[in-house]
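First the structure, in the form of structure tokens, and then the observations on it.
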Amino acid sequence: MPMHEWSEKSLAALTRRLAGTYADGRGINLRGGAVLPDRVRVMEALDTLFAVLFPGLLDSHAVTEANLRPFVGERLDHAYTLLATEAEHAVRYHAGADAAAAEAPAEAERAVLALLDALPRIRKTLMEDVQAAYDGDPAARSLDAVILSYPGVEAIATYRLAHELYEAGVPLLPRMWTERAHARTGIDINPGARIGPRFFIDHGTGVVIGETSRIGRNVSIYQGVTLGALAPAKGQSLRGVKRHPTIENDVVIYAGATILGGETVIGRGAVIGGNVWLTRSVAPGTQVLMGKSELVFRPPRKKRGAEK
Amino acid sequence: MPMHEWSEKSLAALTRRLAGTYADGRGINLRGGAVLPDRVRVMEALDTLFAVLFPGLLDSHAVTEANLRPFVGERLDHAYTLLATEAEHAVRYHAGADAAAAEAPAEAERAVLALLDALPRIRKTLMEDVQAAYDGDPAARSLDAVILSYPGVEAIATYRLAHELYEAGVPLLPRMWTERAHARTGIDINPGARIGPRFFIDHGTGVVIGETSRIGRNVSIYQGVTLGALAPAKGQSLRGVKRHPTIENDVVIYAGATILGGETVIGRGAVIGGNVWLTRSVAPGTQVLMGKSELVFRPPRKKRGAEK
Amino acid sequence: MPMHEWSEKSLAALTRRLAGTYADGRGINLRGGAVLPDRVRVMEALDTLFAVLFPGLLDSHAVTEANLRPFVGERLDHAYTLLATEAEHAVRYHAGADAAAAEAPAEAERAVLALLDALPRIRKTLMEDVQAAYDGDPAARSLDAVILSYPGVEAIATYRLAHELYEAGVPLLPRMWTERAHARTGIDINPGARIGPRFFIDHGTGVVIGETSRIGRNVSIYQGVTLGALAPAKGQSLRGVKRHPTIENDVVIYAGATILGGETVIGRGAVIGGNVWLTRSVAPGTQVLMGKSELVFRPPRKKRGAEK
């Protein structure tokens, strides 16, 4: 029976061979027992913060005046406990053998308290984001419908939380959070970006907002928009350089537009048309549209669609 | 110990501050104990309907002639129970203090029965959709492989169910369903769109089909296609207006094409090429292609790709 | 009470009607008790293989020298058990009434052993992929951050496992795996594609890599890139034909570029610019850029963005 052969000899042999590949000290190998952030707990912390940001909306509990304080207090405490541990793991893991590892608990705690302390401000900003989504979408029926079902809201709320941890210098966790939103929404906002209130992303699939982007107040973005770098493939040599554009207040960027470069500034109130490709700055109030697209119209002969 | 300080003084203070932000009666706040649809149950209802639409394929139960009736009956009953409750919550929540809230149970029940009653018809349509996917994709090996793994099938089946609830006037739920499909597949079909049978979406990531789109029979769409509005940022002022295009029977729309506007009609049998941007109607049978794209070819000197 | 009416008469009637639609023997119907691969177990096998490919990184276990062998051995054995059963179901289901069904257990086992045997090689290749992602992205802070959070790594690792099963001739399972990655990352790599080491996909949403694509070593691809077929809507008549391009070593393909056709070869070291649309071959070392895009700049008058 092959299965027995497998379970006795082949398994042992393959285990040996595979274990041998862990020995070279490169990236995807074990690190002598250092503990990484636990993905499940990191995401549970995010869900817990969402429950506080949108009370009674994203879980089935009816939140009332009567139970509001205990509801909020319990969740804040739970989020704190999860994050203080996982942020410490992240800091310690990242520091490696570095002396900085000793500072890990204090550094993690400072960062987590800064995030929690920012929650009232984040909630205020998110209310403005949700209002902007409702204002900007004729298919929106209510503010609650926007919160319950719009992927842009999930991506932006996740980004706003992640950005606080990013600013506080916590490694790994911010990107884990924004990549969860990316996986769920197709919207990829790097936690390093700086984004003002009343930010609206419609549909959202394919949106990419790079690490050093700066976005002002009341900006709307549609699916497939990239705020990117001019030559990203230059890689690590560009780390820390401002590589992504600046978008001023009241700008609308329609679907599929690409705006590249750290020196590129889209001036206040500009409207960037769909599929426009921009690598230079635009003055305030300007509309940028694609030139008359050269399309070829072939009248009916034998229909290609019917050949199959 | 900072942790103790947190759990005693800071926690209470932050809870107070955060609770204070719930008091202004705006969108993302509690609503005095009104119960929203429970996301978990709403999605369980969708999964239950999927089990009936594709019996024996999407769950591990072996469905046979012998157990078919009880299998179907049990699931229909379960879906009914979940949906009648959640649709009532949706109707009641949406009505708010409105007198219409009293009608919520009857209205919800009527809508759910209409959906269930439509299931035989939906199944018939989905069979045609699956057949179209198989016919249209050389990588498809069998009808079952299409159902088991094609994201387009999941998105279209979810849309067809959501559209029934949308037509029956249930708030919140239809969009919650289609946004789950959007999250899983990158395909964003508004439940208000009207779409004929033999609808095929290949790959699908980035597809957006707006609320007032009308799509005929035997239409194929590839990844990144938008059927959108001309000036969506005009927002709520456009609610109820036909803003999205009409696609007649037997049309193929290749990847990345954008078709905008409520007056735009793509005539029967037309083929729209990849990346084409259209804001006006196209006569039946026409092929629309991008003009010869002006590309710049720079021969090798110092390779940019090697600079990093 | 309408609910009672439903549960007695309407339920029975609808069950009868719906059950009647399963009788026509078409694609989305039961198959007399034949057992399909169980999706939950198929995905558990994938997760188990991931645990072995990236030990200690994607689960919370601290893997050390001391527990490495039992950790690896236990997971290999678990993956084997799951996959041998599910691959057998896939082979048997696909064979249908065919005499080949008798060969299902042996064929499944051979394929699964081939996959497991390839794991050391796959791990080596993935290490190179991760290194390439780190080298190529200025936002990357460490190799571990890349593994923990980059969707491209998940998509590529899933593809490399699925490709082994594809080459071994297992039906259904490879595509189920790559479609899970597609759902999570927006990156759609057909398991039939052949892709060399140091493959890097950044952001990734909307990437489509067709079944007969061939990709060399050290290739970088950005979001929204399609390696596709020229006339995919011709469907089943093209099955087995090389329909997708060949990308030679050291090529960079920027966001939104589309490269089509089985005869199209992108020569070594070429750089394909963003949004470029290519249906013909490119000589080695060439840079291909879009011609000066004809944009229309309208200076400020009454701002459209402010009309809402």
Side-chain angles (χ1 to χ4, degrees), chain B residues 52 54-57 60 62-64 68-69 72-73 76-77 80 109 116-117 119-120 123-124 126-127 130-131 135-139 141 143-145 147-149 151 184-186 202-203 205-206 220 223-224 233-235 237 252 255 274-275 293-300 303-305 308, chain C residues 2-3 6-7 10-11 14-15 17-19 21-22 26-28 30-33 35-36 38 94 135-136 171-172 175-176 179 182-183 186 188 190 205-206 208 211 224 226 228 232-233 235-236 238-239 243 250-252 258 269 271 276-277 284-291 304-305 307-308:
Chain B
V52 172
F54 304 107
L57 275 167
S60 56
V63 182
T64 62
L68 182 59
R69 292 273 179 100
V72 170
L76 286 176
D77 195 51
Y80 175 81
E109 185 165 301
L116 296 181
D117 192 59
L119 288 175
R123 244 183 69 81
K124 189 163 170 302
L126 286 172
M127 281 186 221
V130 169
Q131 185 69 48
D135 293 344
D137 181 7
R141 293 288 179 274
L143 294 174
D144 301 307
I147 296 168
L148 267 176
S149 60
R184 290 188 181 183
T185 67
D202 203 6
H203 308 298
T205 307
S220 296
Q223 70 270 21
K234 290 191 181 174
S237 66
V252 177
N275 282 12
S293 63
E294 311 215 357
L295 296 176
V296 177
F297 292 80
R298 292 193 194 144
K303 276 172 284 178
R304 276 169 86 182
K308 54 187 167 186
Chain C
M3 281 190 66
W6 157 254
S7 56
S10 311
L11 173 58
L14 178 56
T15 300
R17 280 174 58 216
L18 204 48
T21 69
Y22 300 135
R26 296 275 308 293
I28 58 176
L30 67 158
R31 274 209 183 174
V35 178
L36 275 164
D38 181 312
H94 201 250
D135 293 344
L172 301 172
R175 183 73 181 257
M176 290 171 77
E179 285 297 341
H182 183 194
D188 181 357
N190 190 291
T205 308
V208 174
E211 186 181 28
T226 291
Q236 288 291 330
L238 296 173
R239 194 201 275 189
R243 313 179 295 283
D250 305 317
V251 167
V252 177
T258 301
V271 176
V276 162
W277 175 276
T286 310
Q287 282 186 44
V288 185
L289 305 169
M290 288 198 303
R304 277 169 86 181
E307 276 172 14
K308 53 187 167 186

*What closest approach, in Å, do Trp277(C) and Leu295(B) show between heavy atoms, and which atom pair accounts for it?*
O-CD1, 3.7 Å

_Using every non-hydrogen atom in the two residues, find where Asn190(C) and Ala139(B) come nearest and quote the distance to one decimal._
ND2-CB, 4.0 Å

*Under a 4.5 Å heavy-atom cut-off, does chain B meet the side chain of Val208(C), its backbone, both or neither?*
side chain

_Does any backbone or side-chain atom of Pro284(C) lie under 4.5 Å from a heavy atom of chain B? Answer side chain, backbone, both or neither._
backbone

*Could you tell me which of Val276(C), Thr226(C), Leu14(C) has the largest number of non-hydrogen atom pairs under 4.5 Å with chain B?*
Leu14(C)

Measuring from atom [atom1] of [X] to atom [atom2] of [Y], what distance do you get when rounded to the nearest 0.5 angstrom?
X: Arg123(B); Y: Leu18(C); atom1: CZ; atom2: CG; answer: 6.5 Å
X: Arg17(C); Y: Asp117(B); atom1: CZ; atom2: CG; answer: 4.5 Å
X: Thr205(B); Y: His182(C); atom1: OG1; atom2: NE2; answer: 2.5 Å
X: Ser149(B); Y: Arg175(C); atom1: OG; atom2: CZ; answer: 5.0 Å
X: Thr258(C); Y: Asn275(B); atom1: OG1; atom2: CG; answer: 5.0 Å

*Working for side-chain contact (heavy atoms from CB on, under 4.5 Å), residues Tyr22(C) and Val72(B)*: CA-CA 11 Å; Tyr22(C) 300 135; Val72(B) 170; 3.5 Å; yes

Please identify, among [options], the residue contributing the most non-hydrogen atom pairs under 4.5 Å to chain C.
options: Pro151(B), Ala145(B), Ala255(B), Gly224(B); result: Pro151(B)
options: Thr185(B), Leu119(B), Leu116(B); result: Leu116(B)
options: Gly274(B), Pro299(B), Pro138(B); result: Pro138(B)

*Can you list the steps and then say if Val296(B) with Gln287(C) is a side-chain contact (heavy atoms from CB on, under 4.5 Å)?*
CA-CA 8 Å; Val296(B) 177; Gln287(C) 282 186 44; over 6 Å; no

*Are Thr21(C) and Lys124(B) close enough that some pair of their side-chain heavy atoms sits under 4.5 Å apart?*
no

*For Leu76(B) and Thr15(C), run side-chain contact (heavy atoms from CB on, under 4.5 Å): C-alpha distance rounded to whole Å, both residues' side-chain angles, the deciding distance at 0.1 Å, then the answer.*
CA-CA 8 Å; Leu76(B) 286 176; Thr15(C) 300; 3.6 Å; yes

_Whether the side chain of Arg141(B) engages the backbone of Pro171(C) through a donor-acceptor N/O pair (distance < 3.5 Å, no angle test) should be reported._
no

